[in-house]
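This one's a predicted model, so the numbers in the text were calculated from it and none came from an experiment.
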Amino acid sequence: RTGRSWCLYDWNVTWYTAHPDLTQCFQHTVLVWFPCFYLWVCAPFYCLYLRFYDNGRISLSSLCCAKTVKIFVSTCLSCLMVFCPVLLVCFGFLKLPMTSILTEIHCLQILAVLLIHLERLRGFRSSVFLFLFWTLAVICSLVPLRANIQSCVLQGFSADAMRFVAFFTFFSLQLAQLILSCFADQRPATLKPVYVKNPCPVEDASFLSKVLFWWYGRLAVKGYRSPLQAEDLWSLREEDTSEKIICDLEKEWAKQWAKMQHEQTQLLRKLHKEQISGFCLLRTLAKNFGPYFLTGTLCLVIQDAFMFSIPQVLSLLLGFVRDEDAPLWKGYLFAFLMFLLSCLQSLFNHQYMYACFTVGMRVKTAVMGLVYRKSLVINSAARRTCTVGEIVNLVSADTQKLMDFVVYFNAVWVAPIEIALCLFFLWQRLGPSALAGIATVILIFPLNGFIAKMRSKLQVQMKYMDGRIKLMNEILSGIKILKFYAWENAFRERVLGYREKELNALKKSQILYSISIASFNSSTFLIAFAMFGVYVLIDEKHVLDAQKVFVSMALINILKAPLSQLPFAMSTTMQAVVSLKRLGKFLCQDELKLDSVERAPYHPGEYDNLAMVNFCRINVKVQRGSLVAVVGHVGSGKSSLLSAMLGEMEKKSGHITVSGSVAYVPQQAWIQNATLKDNILFGRERKDSWYQKVLEACALLPDLEILPARDATEIGEKGLNLSGGQKQRASLARAVYRKADVYLLDDPLSAVDAHVGQHIFEKVIGPNGVLKNKTRVLVTHGLSFLPQADLILVMEDGEITEMGSYAELLSRKNTFADFVKAFSVTHIYLQDQEEVGRLTQADKAHTGRVKLEMYVEYFRTIGLAFIIPVIFLYAFQQAASLAYNYWLSLWADDPVVNGTQVGTDLKLGVFGALGFAQGIAIFGTTVAISLGGIIASRHLHLDLLNNVLHSPMSFFESTPSGNLLNRFSKEIDAIDCMIPDGLKMMLGYMFKLLEVCIIVLMATPFAGVIILPLTLLYAFIQSFYVATSCQLRRLESVSRSPIYTHFNETVQGAGVIRAFGEQSRFILLANSRVDHNQTSYFPRFVATRWLAVNLEFLGNLLVLAAAILSVMGRATLSPGIVGLAVSHSLQVTGILSWIVRAWTDVENNIVSVERVKEYAETTKEAPWAIEDSPLPSDWPKSGSIGFQEYGLQYRRGLDWALKEISLSVNEREKVGIVGRTGAGKSSLALGIFRILEAAKGKIFIDGINIAEIGLHELRSRITIIPQDPVLFSGSLRMNLDPFDGYTDEEVWRALELARLKNFVSGLPDKLNHECSEGGENLSLGQRQLVCLARALLRKTKILVLDEATAAVDLETDNLIQSTIRTQFEDCTVLTIAHRLNTIMDYTRVIVMDRGHITEMDSPTNLISQRGQFYQMCREAGLV
């Protein structure tokens, strides 16, 4: 049968008509078979995919049953629709063509049932494939639905009731199937048993929910109702956890590492590693995360296809407005098509961004994990080149650069393609004039390339930031020393020196960036000006109509995005390359060689053999169960010998065999920020009887009485709230509890008092101690323990000069015998415990929206005089933009006379002037905001630094250094860059939105009815987002601090962790901290996507409104004003998202101001200097000290550390202070230096109350040689004299008196010798001698020695004491006694007990009185 209704298509029926329709043939063939064709063609590939996807089996659920039943019913209806007409034809009741009957076949839906059950069996919970099938089926049924409704209305329902009922029921079932496919099925049975607290809802979300990010909504509502807490956040998905990510990545990195290790020579290997290490890391990351990243890239490509379709539809819409005869339905079609394309573009764009941020998050986890694991295995040489600050920077700044790289990398290759497509479409509109646009782009590119190159050179800012963070880390580690010496100002100036260089580099970089931004933001105008100018000037017949102008402008607006992204992407890529090299270089550092020490199984009665590099002629056999003592002068290699036995040093020749497990006690105790119990158990299960035995043996039971929560007391970072002796005993207890086979003890008795030292030796180390059957290697300076050693090794300059038992060595009458003879008195070790256990304060998150005061504080630091001109500049910039766009619409509507437009030159000139004015204003605003940001940042950093340095010691004891480092690195970086960038973006887009609203209202005033509710809805969604996002930002900041603290702690204690074989436990701890941080980061970026999808939908509604109102009012509107309104409304989607994103970025980052300012409210110590102080310049002249009923508390509510001390010390008097643990000896020193302020009473020095003078005036006029010798990275001279107040001759003289002149003279750089972080390239004894040299240089009238010779050998101790006696003869000396023989010739000895002075007299008189001092001397063998 022929006829129009039975043709496949007919344009007169479909397009060229006021009432469009599809032909009957098209409806019964293409529309029916198209979904089926999709199903049949794609089903085999989908089944193949399902074969490889096995996630368990889903039991038959109500959802699955409903889907199956509905398909069964629709299939029955299909059969009914096919066979009933056949029967009617057969019986002669109906005459219908067979083609009509055959096209009704829908039985292919049976395949859909099979697929539903196959998905169920493979654990597939939400099907994209079937969702698309049902969507196609419903869309293809819409035209027949319309036709059936029309037939029903025109012919009446009774005309063909059975067909109508069947079709409408069939359509309803298809629609129901589509709705059901929007829901996810239940979890597979195999996944159910695994219980996860608060699982991530994305795992239970359907396809549609994932696309629209609806699964996030519940968290947004919860965050809006009340501030989110950490427990409200979802658990990480398995694929996002550290364990899963790093497990996969380590295998790949190990392969790359192995390849690099196979180079021929060491030099070649080093050069090759440094060159390709970054590339190898990138390749490793790409192999692991590439596939998922590529799925995101596919979404980007599809998004681009929709993006370029929109200007083409705009062209059709403007053509419709111009054509007065065009039917109205075409206008509505174009309006809805533009809306649909905009929505699809938005959805695909945000799926791409979600994929990028997910990959970025995984890359961050992976890199942090690799860096952490590497920090546990790098050797000591590599460790010296990588400071803690630098490692923290690797896991903070460099991982952030890699995350940015993941997000912007695709722009490097997509942006040029987008630019080329834009120029191609522009060529179609404007012909060869588009080349002018290409020329403009070509001119903009080299300019921005040059700017990017200049900015990359200014990346030295990172170097200065590294230096500043490294220095801050050292300041925080050695803050007690800075306060004792009043050196805060010197180090403050060093920090500010780095900061000034950093800000100068940032300022230059920001000015260059402003030129870049101005050129980009003006690029729309510059390209339009060039193209339109050339177009109208080369031929007067060239007319600019609305279609040419506004489709070109829409294309130029698309062009703007890749033009702005490309240089940023290139810059990000370059920064990422630098970061990859830095990370690669660190990850390729030399590791400890596992073969340095041969680990043999435990066989009783064997020997441990030693032969070691860096030492000469060492050959030792240690019999199992024996006690070996290692003695020698400072720097002779005693500690290095133990390091060698642990495999911590590089072996050149020979071999070391250690049988059985090892426990190690380092010279400087390493204590974790955990409870005392956790420090002792160190990951082992608690066995009460053994635990109590260890506490008793290590003399820790009396300390438990002092600690507030006994062994559950949290110990501050680096053991801040424990004394040196307590730290050392806790360190020893950790080793003893281990029940190891071999014990390496590096001078553990150097920091404990007489009875405790004897007790520990007898109960732990000695022949009758708990370790009596273990092999013990003891480095010691205590001669009293040597007779009980089975073997003594005497070391000098890395060699064992003598070896044998105590008796053998004495009989040889060599060096050792002379040494013992000179120091034959038994020397006793004394130590104090003062600071009771106090809990560190965890970094806390503020809750709720950021207070207005924070904004006021930020803008106040910039200054009102700076802000008002910026606002005016922004207003002027947008006014110029509005003017040139409106001028362009007037030009487009200009009538054409004889094929030309009048006054083209004038129009072009005005257009150019307005555009250039806008460009200059853009440059002005960006520079002004950048400079304002730098002003604010400088003030805020200075305030933070001053607040921290003015804080008392109690603040540092309760605040983990990770929290403070986080403020100085991440938070200050946010204030430097993120807040100004956010403000630029927010103000720019807010004014742009205002411009768009004005233009749309000018064109269609009725749009105000739409704009108002959209604005209210926008504000509603935005308030949901900002409340939740800010809290997530805070939680993320708070959870970031423990990562840095843990990294810091691990790097410092890596040797101990390795010795105990606890690497895997610490790796798990690091994983848990990183994962905890990611639990707040993941919802943060999902929130941004959720917001963007919702807001862009609102923006697309505005596009729809503008387009439909333009169609409705086309009789009164010119094409120019319609083009202006619609092309500008197309920008709203992006503008709305960017405003909220920028607003949220500002609010999120203003939290950094909040976190930096919070230290302004903490307690501060007294002023450093008092103006118009009456203090004489030569004070103290005599050095007399008076205590008047002096009392001291560590914290209100705690017991008194000193109780009503009244004491007078005369000038030039030498006073020794002794007492048991907790007696209050060190408290006296802390009181004199006002490290702790008096709770009652007064201290007078030369008659002046020290509470009435400035802290620096006090601390700089008296000197202490502290217990812990702390050095800072920098020259040796800086460590002695940071203010450069002494001549080189005076410094050399001090070194000579401190017995360091020969050592320093032998160094290549002498006084300029670089000390590494913490002075680790000097031995502990040498560091103590440097502290002595500081005291000799200052030469004040009062000297306090706080157990200053704990780490030096007896000979050096004797030299120090003789130096003090001669050089400080005219000074008052207070010595907190460490070795009792050193104070036996002092004027007076003060014996303290529980904060009281129990005895005070000359040593001779005290001994004759047979009191407490006498008992101590008896224990020491002095009487």
Side-chain angles (χ1 to χ4, degrees), residues 480 484 699-710 713 720-727 729 751-756 829-838 952-954 957 1185-1209 1215-1245 1249-1251 1264 1266-1267 1344-1347 1374-1378 1380 1383 1386 1388-1401 1406 1409 1411-1416:
K480 198 169 189 176
F484 271 136
L700 279 167
L701 290 176
D703 299 305
L704 296 188
E705 301 301 323
I706 299 168
L707 296 172
R710 295 179 61 83
T713 302
L720 272 168
N721 51 342
L722 295 181
S723 69
Q726 286 173 320
K727 283 190 276 188
R729 293 200 296 280
V752 292
D753 65 24
H755 71 292
V756 174
Y829 302 83
L830 296 164
Q831 177 57 34
D832 181 25
Q833 144 54 27
E834 295 301 331
E835 298 166 298
V836 295
R838 66 183 73 192
M953 272 311 298
S954 56
E957 288 162 4
I1185 306 169
F1187 289 82
Q1188 191 176 309
E1189 295 184 353
Y1190 185 74
L1192 196 66
Q1193 278 177 302
Y1194 278 88
R1195 200 169 57 205
R1196 245 182 224 174
L1198 293 183
D1199 289 340
W1200 291 82
L1202 293 175
K1203 302 169 189 173
E1204 298 190 1
I1205 300 289
S1206 292
L1207 164 70
S1208 180
V1209 180
V1215 178
I1217 304 165
V1218 297
R1220 311 279 188 195
T1221 295
K1225 307 185 298 293
S1226 291
S1227 299
L1228 274 179
L1230 296 177
I1232 292 170
F1233 282 84
R1234 284 176 64 194
I1235 299 295
L1236 287 173
E1237 295 288 356
K1240 62 180 288 190
K1242 297 171 185 174
I1243 299 178
F1244 294 92
I1245 295 180
N1249 184 352
I1250 63 168
I1264 187 169
Q1267 181 181 0
V1344 178
L1345 278 80
D1346 187 0
E1347 308 179 85
L1374 298 181
T1375 300
I1376 294 168
H1378 171 62
L1380 287 182
I1383 58 163
Y1386 273 29
R1388 263 192 297 173
V1389 170
I1390 295 169
V1391 182
M1392 299 196 67
D1393 187 32
R1394 297 181 179 274
H1396 290 287
I1397 295 176
T1398 55
E1399 296 177 16
M1400 181 167 60
D1401 209 331
L1406 286 176
Q1409 289 166 16
Q1412 203 172 337
F1413 184 68
Y1414 170 74
Q1415 291 297 326
M1416 294 174 77

### Task
Identify, with sequence neighbours excluded, every residue that meets side chain to side chain contact (heavy atoms under 4.5 Å, CB included) alongside Glu1237.
Ala1166, Arg1234, Leu1255
### Task
Check Leu1202, Ile1397, Ile1232 against Phe1187 for a side chain to side chain contact (heavy atoms under 4.5 Å, CB included) and give me the one that passes.
Ile1232
#### Entry: Closest heavy-atom pair and its distance - Ala699, Arg729
O-NE, 3.3 Å
### Message
A side-chain contact here means heavy atoms from C-beta on lying under 4.5 Å apart; do Leu1230 and Met953 qualify?
### Response
no
### Query
Given side chains that start at C-beta, do those of Val1391 and Gln1415 come closer than 4.5 Å, heavy atoms only?
no
### Query
Is a side-chain N or O of Glu1399 found less than 3.5 angstrom from the main chain of Leu1406, in a donor-acceptor match?
no
### Message
Once rounded to the nearest 0.5 Å, what's the spacing between atom CD of Gln1188 and atom NZ of Lys1242?
### Response
6.0 Å
### Query
What's the spacing between Ile1243 CD1 and Ile1250 CD1 if we round to 0.5 Å?
4.0 Å
### Between CG on residue Leu1207 and CE on residue Met1400, distance to nearest 0.5 Å
5.0 Å
### Message
Quick check against the 3.5 Å criterion: does Ser1208 have a side-chain atom that pairs as donor or acceptor with the backbone of Gly1186?
### Response
no
#### Entry: Minimal non-hydrogen separation, Phe1244 against Asn1249, with atom names
CD2-N, 3.5 Å
### Query
Considering all heavy atoms of both residues, which atom of Met1392 and which atom of Leu1228 are nearest to each other, and what is their separation?
SD-CD1, 3.5 Å
#### Entry: Considering all heavy atoms, the nearest Ala1238-Tyr1190 contact
CB-CE1, 3.2 Å
### Query
ring pair (Phe, Tyr, Trp, His ring centres under 6.0 Å) with Phe1413: which residues, sequence neighbours excluded?
none
### Task
Please answer whether the main-chain N or O of Leu1345 pairs with a side-chain N or O of Thr1375 as donor and acceptor at a distance below 3.5 Å.
no
### Task
State which residue, out of Ile1185, Val1344, Val1389, Leu1374, fulfils the side chain to side chain contact (heavy atoms under 4.5 Å, CB included) condition with Val1215.
Leu1374
